[in-house]
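Structure record follows, encoded as structure tokens.
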Amino acid sequence: MTVRTAMSPEVFDLLFDDARLSRLRALSPSTRLAIDDGDLSDTEILVTSWGAPRLDAELLDRMPRLRAVVHAAGSVQQLVSDELWERGITVTSAADANAVPVAEYTFATIILAFKRAFVHMRSPSTVLEWRDLVGSTRYGSVGRAVGIVGFSRIGRRVVRMLGQLDGIRILVADPFVSPQAVADAGAELLPLDEMLDQVDVLSLHAPALPETRHMIGAAELAALHDGATVINTARGWILDHDALLAECAAGRLDAVLDVTEPDPLPTDSPLRTLPNVALTPHIAGSMGNEARRLADSALDDVEALLRGGVPSQVITRLDMELSA
């Protein structure tokens, strides 16, 4: 069975070190390492990642034997097409593997947010000692509440990690999950509008869908109490940046943004100048050697397909209506 890869050369080198390339060749000795302008008619499994072309009708016509697309990255939103679904081609994703570093980043950021660490990192010239801050109600985790918007792969992992902390409440807002599922994870399910005024940290994990556009806007941010922190590691799409700017410029809210709209923010964006807004360049997801997890996940799915089994992370057309 012929396996081909479709991703940028830089991404291929990042994902497939010698050991993983050897495993790929052992699974499929006929593996071809790139899509090019040549004959693709023997392609049966296509391993994709960042830099892959959109699988539209024209490209799919060149791969009439294609039976599966194994995506060695997270979202397949920019990869799939109506034609792909209509041809009944199996699609898998390494989204679970990519969720690991995002959840770890978010968990670490929440802990640092309790100490307003990012604010002090942004203002190193401010002369303050712990004695100046020890009595402030904006510091500390005991008795605090964290709100998770979106009980996604990442949101669920963050909830589990937060369960290690003493003295905090974990609240979840997601209209598509059951209270029992959230309770089993150690959290409490609430409607978003009921959750907002109870949380000290609001962490966003919702997908970028038409109905989630600016779901955290002026009204939602105004509902947060003074001193709350907004963390976004999901998509800039879901957060109204103008409304956030107004709240942060007033000093009422802090924010840590790993994703923005646009991404990256323009160099003259006022958000870049605020000491209580920390920006990181979309680094929460798989970076450096973390990307090898994506290759491992993809290779597991390729092996399952070659052996006639069912891959562990199949994505359906219905899934695309609920996740990014």
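- Side-chain contact between Asp254 and Val277 is absent, with no heavy atoms from C-beta onward closer than 4.5 Å.
- Atom OG1 of residue Thr5 and atom CD1 of residue Ile45 lie 12.5 Å apart, to the nearest 0.5 angstrom.
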Test log, rule salt bridge (charged side-chain N to carboxylate O under 4.0 Å, His left out), inputs Asp61 and Arg87: CA-CA 10 Å; Asp61 284 344; Arg87 298 181 191 209; 2.8 Å; yes
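- Using a 4.5 Å cut-off between side-chain heavy atoms of Ile, Leu, Val, Met, Phe, Trp and Tyr, with links allowed through other members, Ile315 and Leu60 fall into the same hydrophobic cluster.
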Candidate pair Asp17 and Arg20, rule salt bridge (charged side-chain N to carboxylate O under 4.0 Å, His left out), full reasoning: CA-CA 5 Å; Asp17 59 0; Arg20 287 163 179 84; 2.8 Å; yes
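- Proximity of a side-chain donor or acceptor of Thr212 to a complementary backbone N or O of Met215 within less than 3.5 Å is not detected.
- Between the side chain of Ser269 and the main chain of Pro266, no donor-acceptor pair closer than 3.5 Å is present.
- Inter-residue side-chain proximity for Leu299 and Leu24 is flagged as met; some heavy-atom pair is nearer than 4.5 Å.
- For the pair Gln313 (side chain) and Asp96 (backbone), a donor-acceptor distance under 3.5 Å is present.
- Side-chain contact between Leu40 and Arg32 is absent, with no heavy atoms from C-beta onward closer than 4.5 Å.
- Judged purely by atom type and a 3.5 angstrom limit, Thr233 has no side-chain atom pairing as donor or acceptor with the backbone of Val102.
- Here Glu58 does not pair with Arg62 in a salt bridge; the nearest charged N to carboxylate O distance is not below 4.0 Å.
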Test log, rule side chain to side chain donor-acceptor pair (under 3.5 Å), inputs Thr43 and Arg4: CA-CA 6 Å; Thr43 306; Arg4 271 191 168 83; 2.7 Å; yes
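- Between Asp300 and Arg23, at least one side-chain N (NZ, or NE/NH1/NH2) sits under 4.0 Å from a carboxylate O, which counts as a salt bridge.
- A side-chain donor-acceptor contact under 3.5 Å links Trp237 to the backbone of Leu209.
- For Glu211, the CD atom sits in a packed shell: over 12 heavy atoms of surrounding residues, nucleotides or ligands are nearer than 6.0 Å.
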Do Arg317 and Asp82 pass the salt bridge (charged side-chain N to carboxylate O under 4.0 Å, His left out) test, and can you show the C-alpha distance, the side-chain angles, and the key distance before you say yes or no? CA-CA 9 Å; Arg317 194 171 197 168; Asp82 289 341; 3.0 Å; yes
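- Listed for the Arg54 side chain is a donor-acceptor partner under 3.5 Å among the backbone atoms of Val80.
- Counting heavy atoms of neighbouring residues, nucleotides and ligands inside a 6.0 Å radius, atom CG of Asp18 does not exceed 12 of them.
- The residues Arg65 and Asp42 are annotated as not salt-bridged, no charged nitrogen and carboxylate oxygen being separated by less than 4.0 angstrom.
- A donor-acceptor pair is defined here as one N or O able to donate and one able to accept, closer than 3.5 Å; no such pair exists between the side chain of His205 and the backbone of Ala234.
- One finds a salt bridge joining Glu247 and Arg252 here, because a Lys/Arg side-chain nitrogen approaches an Asp/Glu carboxylate oxygen to under 4.0 Å.
- Side chain of Asp174 to backbone of Phe151: a donor-acceptor contact under 3.5 angstrom is found.
- Between the side chain of Glu290 and the main chain of Met287, a donor-acceptor pair closer than 3.5 Å is present.
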